[in-house]
Amino acid sequence: MNTVGHSSSGAPQGRTTMICSHPSTPALKGRRDLLNAILVAVQLILAVLVIVLVLLHSGKDAGMASVTGFSFASSASVMERNLTRYTIIVGVLWFLNTFVLIWRLG
């Protein structure tokens, strides 16, 4: 504690100020800023991936077979199933990253 304005008896006359310095505060702030920047970049990448994966899904009647040229229904069905799985996984990751960003930046 650093006191300002002492009398001859040593008792403080004026205001009392506390000096609290933490030497690692700038380093921690830099790490937090870096992690926030990484999370924002991941958020943007995941958003673009969700958009691309959703656009790869086709309408009810066309399916993946019309996009890739496959004539076998079983191959197209497996590709559609995998595309659906990837879309769900990336969508869940996007939502989780959104909540982490809200928690950290909010």
Side-chain angles (χ1 to χ4, degrees):
M1 184 160 58
N2 185 13
T3 57
V4 179
H6 293 280
S7 66
S8 60
S9 66
Q13 287 179 334
R15 65 178 192 263
T16 303
T17 59
M18 294 195 61
I19 299 173
C20 180
S21 63
H22 202 273
S24 64
T25 302
L28 288 176
K29 185 178 183 307
R31 287 182 185 166
R32 274 188 239 131
D33 291 343
L34 178 64
L35 184 59
N36 288 344
I38 290 171
L39 287 172
V40 168
V42 168
Q43 183 75 2
L44 292 173
I45 291 168
L46 288 173
V48 169
L49 277 174
V50 166
I51 291 169
V52 168
L53 288 171
V54 168
L55 288 176
L56 278 176
H57 283 279
S58 52
K60 213 177 190 181
D61 51 343
M64 260 319 254
S66 65
V67 175
T68 59
F70 279 112
S71 59
F72 302 112
S74 62
S75 298
S77 174
V78 170
M79 287 174 52
E80 285 284 341
R81 217 173 308 132
N82 288 336
L83 184 61
T84 302
R85 286 182 190 142
Y86 298 146
T87 306
I88 291 170
I89 290 170
V90 172
V92 167
L93 289 174
W94 185 81
F95 276 111
L96 290 176
N97 195 36
T98 301
F99 290 128
V100 170
L101 276 171
I102 290 170
W103 175 67
R104 290 188 59 81
L105 299 176

> So does R104 have more than 12 non-hydrogen atoms from other groups sitting under 6.0 Å from CZ?
Replying inline: yes

[atom1] of [X] to [atom2] of [Y]: how many Å apart, nearest 0.5 Å?
{"X": "E80", "Y": "L83", "atom1": "CD", "atom2": "CG", "result": "6.0 Å"}
{"X": "F99", "Y": "F95", "atom1": "CZ", "atom2": "CZ", "result": "7.0 Å"}
{"X": "T84", "Y": "I88", "atom1": "OG1", "atom2": "CD1", "result": "6.5 Å"}
{"X": "T87", "Y": "I51", "atom1": "OG1", "atom2": "CD1", "result": "12.5 Å"}

With a 4.5 Å cut-off on side-chain heavy-atom distances among I, L, V, M, F, W and Y, is there a chain of contacts connecting [X] to [Y]?
{"X": "L28", "Y": "L39", "result": "no"}
{"X": "I102", "Y": "L35", "result": "no"}
{"X": "W94", "Y": "I89", "result": "yes"}

Between [X] and [Y], what is the shortest heavy-atom contact and its length?
{"X": "Y86", "Y": "L53", "result": "O-CD1, 3.7 Å"}
{"X": "V90", "Y": "L46", "result": "CG1-O, 3.8 Å"}
{"X": "L101", "Y": "N36", "result": "CD2-O, 4.3 Å"}

> Taking C-beta and beyond as the side chain, do V48 and L44 meet within less than 4.5 Å on heavy atoms?
Replying inline: no

>> Set out, in order, the CA-CA distance, both residues' side-chain angles and the distance that settles side-chain contact (heavy atoms from CB on, under 4.5 Å) for V100 and L96, then state yes or no.
In response: CA-CA 6 Å; V100 170; L96 290 176; 5.6 Å; no

